[in-house]
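Letters go in sequence order (proteins before strands), and every chain restarts at 1. Below, each value reflects all heavy atoms present in this structure, side chains not excepted, and no hydrogens, waters or symmetry copies.
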Amino acid sequence: MIEEIYDIRQQYPWRLSAVDTYYILRAGLAMPVEDHNVILEEVLDLIKEDHGEPMDNIRVVITGSFCEQPPIGMLKSIEMAGCYIVDDDLMLGSRWTQGDVDENTADPLGAIVNAFLTKSPASSAVYDVGNPKGARLVKLVRRREADGVIFCAASFCDPALLDRPELQKACDAEGVAHINFQFHENTGQFKVIKEQAGTFSDSIKLWV
Amino acid sequence: MAQAIEAIKEKSMLIQKEMLAELFTELSTAKEKGRKVVYTFVLGNLTELILAMDMLPVYPEINALQSGMRKKSAGYIKDAEKAGFSEDVCTYVKCDIGMMLNGNIGPTGEKLPEPDLLLLSYTGCFTFMKWFENLERLYPGVEIAMLHTPYQEDGRITDDQVAYMVKQLEEEVIPKIEKVAGKKLDRARLSKMLEDSSKAEDLWVKVLESAKNVPSPIDSYFAGVYYMGPLFTAFRGSERALEYYQELHDEIMARKEQGLLPITPEGEMKEERFRLVVEGPPNWTNFREFWKIFYDMGAVIVASTYTKVGGVYDQGFRHDPKNPIESLGRYCMGCYTNLSLPQRVDLLEKYIKEYKADGFLINSIKSCNSFSAGQLLMMREIEKRCSIPVGFIESDLVDPRYFSYANIKNRLESYFQMLAQRKTILAQEATTEEA
């Protein structure tokens, strides 16, 4: 259902803001899955209906290997600056196992280990030189028909920041526009972030 | 600011300088001579394994710190930042990448050879893994061996962890090294090297413990980083390292016998006013200026945690020639940066008491998350347990933009005044009690 929400938002991002999407998904970390699924169904029903008006925004993918969650103000500032966030890697931990853990086994612990080893997502914390992360990011940008990428990792996250040169190189090679800023623990001022994101949005609207 | 005068060096320092010069010359001709080159890291290094296979090690952090001391790091860091590296990430990484982008000319001016193997045995520093990812991109297709060292989460090394390390070494690391070297590991030779390592480690511990003497004949931090060099890097397990530590040991013991104080770049200290324990790495870009602030004030570092990053030998660990592979695994897991926070605090408390320290100081490194995380907690805990003044300064490893001489000097001078005042009060209290 989460994937479906993202797919609908890709086409009609004005129907549900990225901040609201984030709140809804994050709530799922604090309640039973069954209860959260009911909410997701309601959200799906809501965004399947046509409402709201598209704005003259650009479409961006934000990336920051978010084990540490950014302040909501940062996401809000990016949206208010004229960017529809059409994909992200927020709440990385909650997306860790991609697919189902094998249930038909006499070794449940082994099944969990196996899922961790074979069904983990791409992450800065995983050594994966054989699977270029730059190419994966560009593929996501293409799939979501995004206009650009915003790199916005935590300033204290070496793994995410050390990935950036490679990701940036891949974006440059494929002509994907990108900008970068970082958030700090307890960041409270978003004016600079809003200005940067706004300039990025304007530059794409005007010249790309 | 410190004058650019020629530093006074002890004989052991001159020997070490020769050893390093020889190593870099060997590295510069490695390819012509068919020697295989292994890039690896200092923390939890497997030097004996590399040397036993007649390979040559290159330590990227050592190149970075050497570049820092030789005032080359600022340019390298800027070039790495131009390539997309954030201003907030480890400056060792940026300095190293910048050096490679500029032709990989090593600290001695000779070109460093490309790696035949990237051997990652990272210990307590996750950035190392990302560093090697970046190196792999600079040298696509290079062979890689990874040794995952479990963190001492529970404050001890468990049997399962040892078994895990041995399995990785036997099934992954050694076969990969053998493949690159083109020959089988001579285990008898490895054991002989570990025996020499162990002897050198005995001597090193005696050198460190000489600082328990009042006055201390050594500075365990600023001089300590030189003393630890051969054991922590390319020479552990070699006869040359053993010779070096014998010479160093004899020098220091002679100084101790004579009641002499530490040698500094400007000669021997004349007075030991304050005895300190220091946590965190030093700043390399302004190393002599930094040291001078201390020796000008009569402050001697009697114990430091940085001189334990390549092994906490003073707490009993020795490489064991009878159990070579297990011993290498235990070594990796036992390095300071792989200790849990409570273990680090316990160790600091022990140092403060055993080395009769007057104060505890933290040099927090702006770009080193693995060292800096938890340091404020350490500070509070030590203050509580030891009731001594604690100080906190901030600088960086090799980014000169983060070494503010005036700020650091001001803060240290205030700290030394506090220590002096406390000494006066303690002396007055002692006199009153006697009366």
Around [X], counting heavy atoms of other residues, nucleotides and ligands shown, do more than 12 lie under 6.0 Å from its [atom1]?
{"X": "A:M80", "atom1": "CE", "answer": "no"}
{"X": "A:D35", "atom1": "CG", "answer": "yes"}
{"X": "B:K176", "atom1": "NZ", "answer": "yes"}
{"X": "B:K78", "atom1": "NZ", "answer": "no"}
{"X": "A:K139", "atom1": "NZ", "answer": "no"}
{"X": "B:K366", "atom1": "NZ", "answer": "yes"}
{"X": "A:Q98", "atom1": "CD", "answer": "yes"}

Side chain, backbone, both or neither: which part of [X] has a non-hydrogen atom closer than 4.5 Å to chain A?
{"X": "B:F85", "answer": "both"}
{"X": "B:E133", "answer": "both"}
{"X": "B:I97", "answer": "neither"}

Portion of A:A125 that has a non-hydrogen atom of chain B nearer than 4.5 angstrom: both

Heavy-atom closest contact ([X] atom, [Y] atom, distance):
{"X": "B:N369", "Y": "A:D158", "answer": "ND2-OD1, 3.7 Å"}
{"X": "B:A83", "Y": "A:P165", "answer": "O-CB, 3.5 Å"}
{"X": "A:Q182", "Y": "B:S86", "answer": "OE1-OG, 3.0 Å"}
{"X": "A:S124", "Y": "B:K130", "answer": "O-NZ, 2.7 Å"}

Give, for atom OG1 of B:T127 and atom CG of A:L161, the distance between the pair rounded to the nearest 0.5 Å. 9.5 Å

